[in-house]
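Chain identifiers are assigned alphabetically (A, B, ...) following the order of the sequence lines, protein sequences preceding nucleic acid strands; residue numbering begins at 1 within each chain.
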Amino acid sequence: MKSLSLGRYAPFNSLVHRLDPRSKLLILVLMMVAVFYGYSSQVMTFVMGGILLLIIFVMLLVSRVSLRQLFSSLKALWIMIIILLLINVLVPPLGASRIAFSVGTYHIFWESILQSAKIILRLVMMISLTLILTATTKPLDLTYALEWYMYPLKLIKFPTHEIAMTISIALRFIPTLLDETMRIMNAQASRGVDFEHGKVKEKIKAILSLIVPLFMSAFQRSEELANAMEARGYNPRAKRTRYRNLHWGGGDTFSLLLATILTAGVILTSVMNWNYVEMIFNITTWSVGL
Amino acid sequence: MPIKYENVSFTYNAKTPFSYEALSSVNLEILDGSFTAIVGKTGCGKSTLIQQLNGLLVPTSGEVIINDYVVAKSRKRRTKKIKELRKLVGLVFQFPEYQLFEETVEKDVAFGPKNFGASNEGALKSAHEALRLVGLDESFYKRSPFDLSGGERRRVAIAGILALNPNILVLDEPTAGLDPRGAREMMALFKGLHDNGTTVILVTHDMNIVLEYSDTVIVMEDGEVREITTPLELFNKENDRYSLETPLLYKFVKSLSDKGMALDIRMIKDIDSLAAAIALAPGNKR
């Protein structure tokens, strides 16, 4: 495989790597909630965003996620940024009043630009968080965690094991199919296919020459896998034990506690309409007044 | 002009935790019109080596020179027209039957020539010629490649490369998974192309094929070229340093020698020469 796929597990032994996948998954959900809360004013949004970004940055460093990889994946966000700006400029947010500049008679509001910036900030944080989870957790462990969380659903006869199995098989085949994609791309490139340049019609043909063989082999693989599972007497309803058990340690409780406090703080700030900027500002003016 | 590897190293996923050096300072030369076999254990860098021949992989350091084309990292040195190089060097991957995608056999084979700018009729003409070479007649032209047997699909895929009329044909285990007869026919096809002046480079694990067809053998181990020799010399050495299987013919000859028949092993290359040597061996009644 030529390039690393985004969010591939990186076998280090960091603090974050050693955490239980269940706690990591829950922390991710909590942090996501924190990232998506809104605040009373634009200034507060960016102050809180900055604080969260800083925390996430520290987390990235601790989990030894390659920042190079993160930035290369953020590069693809450029298109998103342009589209977002375009939408926000064409359809300004409600109550937009401050004009940044005008193109002819058309006004472009500060609120449009800030709104886009807010969404980009959230996207960056979301991607970083997900990257931390997938880069530090083996896909299979993640599936186990998911299955564990779905356990209560078993009571209503929800096929949790089957779903976990499906997910883990899907995860298992991502690298295989990526390799296969590379292989077919190379084979077609040897037949003169140019995947990067060329006219639209040629590009469609190029993609077709990749997709058709890829689907063929994916179907074939799934059939072979199904047969292999049948041959080994796989029964999804059977009670089964596990080779690797998840282990919840003190570090997990501690990290989860930290994440909970952080999220609770964020929610409180948002619900109570606290404005730290004004508070600090008031204190300083007050002390200066003294 | 021969093919030349100059100090070629290649590292997969350089500068990441998955970094893996597949080739380290490879130097070699492959002569025009030769039939070269590349042998070595799985994972020794054979496939990496041949993928540099048409610029699919670019050496991390060093360069590969094919005629006037240069595959190298340096923007100054390397050939801009990589597509021309790909027409010159036909590369057949392992299990090439998985690259088929068109509705009909003839369209699939014509796909390559068309990519290189041939007209519709021109491409079909090359396709028909290539299909004739691999032994598939007109009845196959309009069939779907997905309805064919594994062996037939392999032929179609190889025809897809032959239709480009490459001067250098590179094959990665073309006989893997074929029945013995299919494998023989396949090798006969490559021999025919070689006799007509095509340079053939073949990656294989089958030492019988190496002995019978190749004139040069490149032995690889752990990403390095260990030896460039002829098959006769390689298999005449007693040691099996590279843990290569001895060809059946040589096993037989060695067994005969062990049992006391004096044979000049240097004279034996195939069944005919073996039979001649046995007939001439001293002590044989004539």
Side-chain angles (χ1 to χ4, degrees), chain A residues 1-6 8-14 17 63-70 72 135-136 175 177-199 201-221, chain B residues 12-20 47 50-51 53-58 82-103 107-118 123 144-146 150 153 157-164 166 169-170 172:
Chain A
M1 215 163 58
K2 250 188 214 158
S3 59
L4 283 174
S5 50
L6 171 67
R8 183 164 154 194
Y9 176 71
F12 287 117
N13 189 19
S14 75
H17 279 78
S63 50
R64 296 186 64 185
V65 171
S66 135
L67 291 179
R68 216 160 51 95
Q69 199 192 330
L70 176 67
S72 69
T136 62
L177 286 179
L178 277 176
D179 282 350
E180 189 81 21
T181 311
M182 280 310 300
R183 237 171 53 102
I184 296 168
M185 277 177 92
N186 279 340
Q188 303 298 22
S190 301
R191 293 212 276 169
V193 176
D194 192 338
F195 285 98
E196 277 148 36
H197 311 97
K199 290 177 228 139
K201 203 185 153 200
E202 285 166 11
K203 266 198 162 167
I204 292 174
K205 193 84 179 180
I207 298 292
L208 207 66
S209 77
L210 172 64
I211 298 276
V212 174
L214 198 60
F215 265 85
M216 287 299 291
S217 87
F219 282 131
Q220 196 180 345
R221 269 177 208 286
Chain B
Y12 283 102
N13 295 326
K15 291 181 205 156
T16 70
F18 306 97
S19 153
Y20 170 72
S47 298
I50 59 167
Q51 282 184 48
L53 279 172
N54 69 354
L56 284 176
L57 295 179
V58 177
I82 204 80
K83 218 166 164 173
E84 286 176 16
L85 175 62
R86 288 190 181 155
K87 188 167 169 17
L88 181 78
V89 182
L91 182 59
V92 178
F93 276 85
Q94 230 178 94
F95 301 108
E97 52 271 33
Y98 290 113
Q99 72 193 32
L100 305 177
F101 73 101
E102 278 281 17
E103 300 138 52
K107 265 191 182 173
D108 204 291
V109 178
F111 177 62
K114 263 194 222 164
N115 281 330
F116 287 107
S144 160
F146 299 110
R153 280 222 292 269
I158 289 176
I161 296 291
L162 294 184
L164 303 176
L169 184 62
V170 187
D172 195 349

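Looking at B:R86 and B:L56, their side chains come closer than 4.5 Å, going by heavy atoms from C-beta outward.
Residue contact with chain B, scored on non-hydrogen atoms closer than 4.5 Å, is absent for A:E202. With a 4.5 angstrom heavy-atom cutoff, A:F12 touches chain B only via side-chain atoms. In this structure, chain A has heavy atoms under 4.5 Å from both the backbone and the side chain of B:Y98.
Expressed to the nearest 0.5 Å, how far CG of B:N115 lies from CG of B:L164 amounts to 8.5 Å.
Relative orientation of the B:Y12 and B:Y20 rings is parallel, given thresholds of 30° and 60° on the angle between their planes.
Most heavy-atom pairs under 4.5 Å with chain B: of the set A:R191, A:R183, A:Q188, this distinction falls to A:R191.
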For B:E102 and A:K205, what are the C-alpha separation, side-chain angles and deciding distance, and is it a salt bridge (Lys or Arg N to Asp or Glu O under 4.0 Å)?
-> CA-CA 10 Å; B:E102 278 281 17; A:K205 193 84 179 180; 2.8 Å; yes
